Number of protein chains: 2
Amino acid sequence: MPAQTSHKPPRDGLRADARENRDRILKAAREAFAAQGIDVPVAAIARRAGVGVATLYRRFPTRDALVTEAFAEELGHCVSVLDEGLADPDPWRGFCTVIERVCLMQALDRGFTQAFLTEFPGQADFARERARAEEGLALLVRRAKDAGGLRQDFEPSDITLLLLANCGVTTGADEEAATASRRLAAYLLHAFRADGAAPLPPPAQLGLDRIHE
Amino acid sequence: MPAQTSHKPPRDGLRADARENRDRILKAAREAFAAQGIDVPVAAIARRAGVGVATLYRRFPTRDALVTEAFAEELGHCVSVLDEGLADPDPWRGFCTVIERVCLMQALDRGFTQAFLTEFPGQADFARERARAEEGLALLVRRAKDAGGLRQDFEPSDITLLLLANCGVTTGADEEAATASRRLAAYLLHAFRADGAAPLPPPAQLGLDRIHE
DNA sequence: GGGTAAACGGACGACCCCCTCCGTTTGGAC
DNA sequence: GTCCAAACGGAGGGGGTCGTCCGTTTACCC
């Protein structure tokens with residue numbers, strides 16, 4: 001019997017049922033996005049969550065808001081993968097690890113890449129995270145180049161190129177997508193190596209904020 | 001004054017106005033598919049062609065029929081690129097040329113790849129052309145391997161992998177798409193070379209009939 | 001237990017796309 | 001010029017998604 005009842009103070013101003021529904025919606029959204037891509041109908045998410053459409057819209061007024069929230073966790077995972085790569089004493093190995101892991105994440109969740117590479121007008125959160133990611137990637141690239149593992153004419157935009165390419169090969173079922181993704185990543189990482197590098201055509205102007213479709 | 005009037009015998013059983021409209025529709029469809037992808041609304045094509053929707057449907061009962069006709073020419077171009085590649089006395093150069101040209105075609109016409117890599121139920125024409133293409137590509141690969149230019153563990157499915165990857169990087173404006181495509185093709189062709197080849201993960205099970213989305 | 005504001009969810013109007021029906025127009029043979 | 005089958009095009013029914021409105025239910029404070 002605590003003096004101050006701690007069991008039901010609506011910490012974020014939400015009633016208990018509302019909070020639970022919110023969680024259910026986010027879970028359903030993540031599943032639906034992963035399985036069917038980012039274009040899945042809102043009604044399908046609501047049905048999967050076992051709530052009405054209105055409840056979903058009350059919590060997430062726009063589709064973008066839902067997407068942002070749904071992928072916040074995975075975005076964090078991405079950032080930690082990047083940090084791990086930067087912490088690797090072998091810059092080239094760190095570089096490869098980041099690429100391979102992110103590609104696999106893409107392969108297993110087709111919604112995530114779409115979300116990450118798509119511009120969301122007014123979603124400051126995504127823009128900020130993306131900017132952080134770009135900084136980190138630039139550093140990763142610099143380290144790998146300086147260590148001699150990565151070819152000198154590699155551009156940070158080549159990472160976006162790889163992510164987009166990977167996005168293209170990961171449209172099938174999970175296992176198939178993962179296999180294709182692994183093979184593509186292996187080919188490209190081989191091509192990115194400094195030894196045996198041949199001249200390249202000019203890089204594409206691609207940032208992570210690449211608009212999709 | 002020819003005994004048999006040759007100016008207006010409806011060769012394909014179409015009236016003159018119908019034939020002209022048919023051509024206009026195909027032209028409009030090609031433009032629309034190239035500019036906006038294969039999912040462009042039928043009504044938009046009809047409007048662009050300056051005909052009513054009914055006229056379009058009368059000529060092309062299903063969407064697939066329209067797509068098939070619209071890309072027949074480009075498909076033929078693809079086949080001739082393949083033939084040229086096969087005719088090249090240097091198998092590796094022939095291989096590279098085919099890849100580079102097809103990638104560029106993809107980059108400049110976003111509808112084409114979607115059409116080519118998508119299954120059209122009941123469109124025997126496409127299936128047949130695709131089968132021919134697969135045979136030709138298999139031969140191209142074999143020659144390039146035997147000549148020592150292409151790595152031994154390369155699989156014909158890797159070409160589909162490349163096409164899908166290229167599809168992923170060619171979603172932007174034409175020029176941007178072409179730049180990205182060229183760079184990706186250069187990286188991958190470098191990775192496909194026999195010299196310096198490192199072990200690869202297993203190939204993906206990808207045919208040209210790869211279902212898309 | 002009772003009251004109230006928050007939360008709920010189904011129904012609904014707006015929009016878009018697909019494809020067909022049907023009244024009108026027109027090419028071209030005689 | 002006359003005629004008719006062929007061709008035309010717009011209107012409209014069916015299906016789907018989006019986002020909102022509003023009458024009903026429910027959590028939580030007292």
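Predicted model, so just to flag it, every value in this text is computed and none were measured. Proteins come first, then strands; the chains are lettered A, B, ... in the order of their sequence lines, and each starts at number 1.
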Find every protein N or O atom lying less than 3.5 Å from an N or O atom of nucleotides 1-3 of chain C, and list the pairs.
none

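Taking only side-chain nitrogens and oxygens, B/N21 never comes nearer than 4.0 Å to OP1 or OP2 of D/dA7. Phosphate contact (OP1/OP2 of D/dG9, side-chain N/O of B/T55, threshold under 4.0 Å): present.
If you find the closest nucleotide of DNA chain D to B/A18 and to A/P61, the one lying nearer the 5' end belongs to B/A18. Positionally, the nearest nucleotide of DNA chain C for B/P41 lies more toward the 5' end than for the other of B/D17 and B/P41.
Within the 4.0 angstrom heavy-atom criterion, base atoms lie near A/A54.
You'll find that the side chain of B/V53 is closest to C/dC19, out of C/dC19, D/dC18, D/dT20. The side chain of B/V42 approaches C/dC18 more closely than any other nucleotide in the set C/dC8, D/dC8, C/dC18. Out of D/dC8, C/dG28, C/dA7, the shortest distance to the side chain of A/R59 is found at C/dA7.
For the atom pair CZ of B/R24 and CZ of B/R59, the computed distance is 13.0 Å after rounding to the nearest 0.5 Å.
Distance CZ (A/F60) to C1' (D/dC18): 17 Å, rounded to an integer number of Å. Atom P of nucleotide C/dC17 and atom CD1 of B/I38 are separated by 16 Å, given to the nearest angstrom. Look at OH on A/Y57: it is 17 Å from P on C/dA11, rounded to the nearest Å. The distance from atom CD of B/E20 to atom C1' of D/dC8 is 13 Å, rounded to the nearest whole Å. Look at CZ on B/R63: it is 9 Å from C1' on C/dC18, rounded to the nearest Å.
Looking at A/R58, its side chain comes within 3.5 Å of the base of C/dG9 through a donor and an acceptor atom. For A/R15 and C/dA6, a side-chain-to-base donor-acceptor distance below 3.5 Å is present, hydrogens and geometry of angles not being considered.
Without hydrogens or angle criteria, A/D88 side chain to A/G85 main chain gives no donor-acceptor distance under 3.5 Å.
For B/F112 and B/F33, the ring centers sit 6.0 Å or farther from each other.
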